> 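Quick one: the structure is below, questions incoming.
Note that this is a predicted model, so its numbers are computed, not measured. As a basis for the values below, the full set of heavy atoms in this structure was taken, side chains included, without hydrogen atoms, waters or symmetry mates.
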Amino acid sequence: MNDALASLVSLLLSPVALCQGLAVRRRTVRLAPPRGPQMGRIGDGTPAWRLLVMGDSSAAGVGAERVSDTLAPQLAQIIHLRTGETVSWRAAGANSAIASEIRDHIVPNIEARDFTHIVLTVGTNDMKNYVSKRQFKKGFGSLLYAIHARWPQATVIWSPVIDMRDVPAMPYLLGRILRLRTQIINGMGVRLCRERQAIAATPLPIRDPSGFAVDGFHASAAGYRYWAEHLAGFILDERAPPASSLQ
């Protein structure tokens, strides 16, 4: 199904999506991000890899009980184990944030300027909020521009939206409606990454529900580990510059 037809069908079914979405919200446990420092270091030397994971509630680690079990530190640990090099990490996420909000409220407030790699968990809220293709193009496209302007030497990796049909909290019909919105968001996101010097990872494949938290929507500690393993392959294909080159 092309994007125009997917948009039309999903808009026609939006009353159904709204009703089922409200029902899901009423019965779903509301989780908060784990408390603790949102930055750290794996290894003893000068960091050769300086990682920022930025985006929505997944970047904030919602679904995990400990900060160490969230995406950023687990990804840093995998890179350290595979390379033997020191990795610093920083997480910056906001619940329910869409691409334009991350651009306006998170990017300007990150203090460090020397990241080598930036991972984006962006698009899920744009998808479920029915942000249009044109609006997402503007929001995500300008987010990429803002990132390159602030961190011109960083490699940017975007993690696309997963298939909502595989999410345990999603009713059958809602998952299929949101799959149409995901097609629109992911298609535009891949195009923008190609045009604006970013790497679009493949969507995280969902094998079974065991990687989800108790809300059936966010990742659990095991889910974040699986996600980190998936993204590490894309990051390790793009070597970090030597630490001295950014000093």
Side-chain angles (χ1 to χ4, degrees), residues 1 3 6-7 9-10 13 17 20-21 24-25 28-29 31 33 53-64 69-72 74-75 78 91 93-99 101-102 118-131 133 136 139-140 143 156-193 198-235:
M1 186 181 298
D3 285 353
S7 180
V9 172
S10 62
L13 293 173
Q20 292 203 348
V24 170
R25 180 174 293 182
T28 299
V29 179
L31 301 177
V53 175
M54 177 170 57
D56 52 26
S57 55
S58 293
V62 173
D69 290 329
T70 63
L71 183 59
Q74 294 217 61
L75 188 50
I78 291 168
N95 286 3
S96 303
I98 62 175
E101 293 170 335
I102 295 165
I118 298 173
V119 172
L120 297 175
T121 66
V122 180
T124 298
N125 294 308
D126 298 83
M127 174 274 299
K128 69 182 183 64
N129 292 353
Y130 269 66
V131 170
K133 183 176 182 177
F136 183 69
F140 186 60
L143 170 61
V156 180
I157 301 97
W158 174 57
S159 186
V161 182
I162 64 173
D163 191 334
M164 290 293 112
R165 296 174 297 182
D166 297 326
V167 175
M170 291 295 114
Y172 177 87
L173 183 54
L174 180 58
R176 276 142 186 81
I177 296 170
L178 293 182
R179 177 66 185 87
L180 299 175
R181 304 305 305 178
T182 299
Q183 172 188 321
I184 296 166
I185 295 297
N186 282 355
M188 178 54 68
V190 169
R191 172 183 159 187
L192 289 169
C193 285
I199 297 167
T202 55
L204 181 68
I206 306 302
R207 296 173 179 169
D208 58 64
S210 63
F212 288 88
V214 295
D215 65 353
F217 185 79
H218 291 94
S220 63
Y224 281 121
R225 184 70 180 190
Y226 174 54
W227 195 354
E229 292 279 0
H230 177 72
L231 290 174
F234 294 91
I235 293 174

> Identify, with sequence neighbours excluded, every residue that meets side-chain hydrogen bond (donor to acceptor under 3.5 Å, both in side chains) alongside E101.
none

> Begin with the C-alpha distance, continue with both residues' side-chain angles, and end with the deciding distance and a verdict on side-chain contact (heavy atoms from CB on, under 4.5 Å) for I206 and F212.
CA-CA 10 Å; I206 306 302; F212 288 88; 3.7 Å; yes

> Looking only at non-hydrogen atoms, find the nearest pair between G139 and A99 and report the distance.
C-CB, 3.8 Å

> Do the non-hydrogen side-chain atoms of T202 and H230 ever get within less than 4.5 Å of each other?
yes

> Does any non-hydrogen side-chain atom of I235 lie less than 4.5 Å from one of I157?
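Touching, per the 4.5 Å side-chain cut-off.
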
> Taking all atoms of both residues into account, what is the closest heavy-atom pair of V131 and I185, and its distance?
O-CD1, 4.2 Å

> Less than 4.5 Å apart, any side-chain heavy atom of I162 and any of M164?
yes

> For the residue pair D3 / Q183, report whether a side-chain donor-acceptor contact shorter than 3.5 Å exists.
yes

> Heavy atoms, side chains only, cut-off 4.5 Å: are T121 and W227 in contact?
yes

> Can you list everything that forms a salt bridge (Lys or Arg N to Asp or Glu O under 4.0 Å) with R176? Sequence neighbours excluded, please.
none

> Does either side chain, that of N125 or that of S96, offer a donor lying less than 3.5 Å from an acceptor on the other one?
no

> Between the side chain of S57 and the main-chain N/O of A60, is any donor-acceptor distance below 3.5 Å?
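No: the side chain of S57 does not pair with the backbone of A60.
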
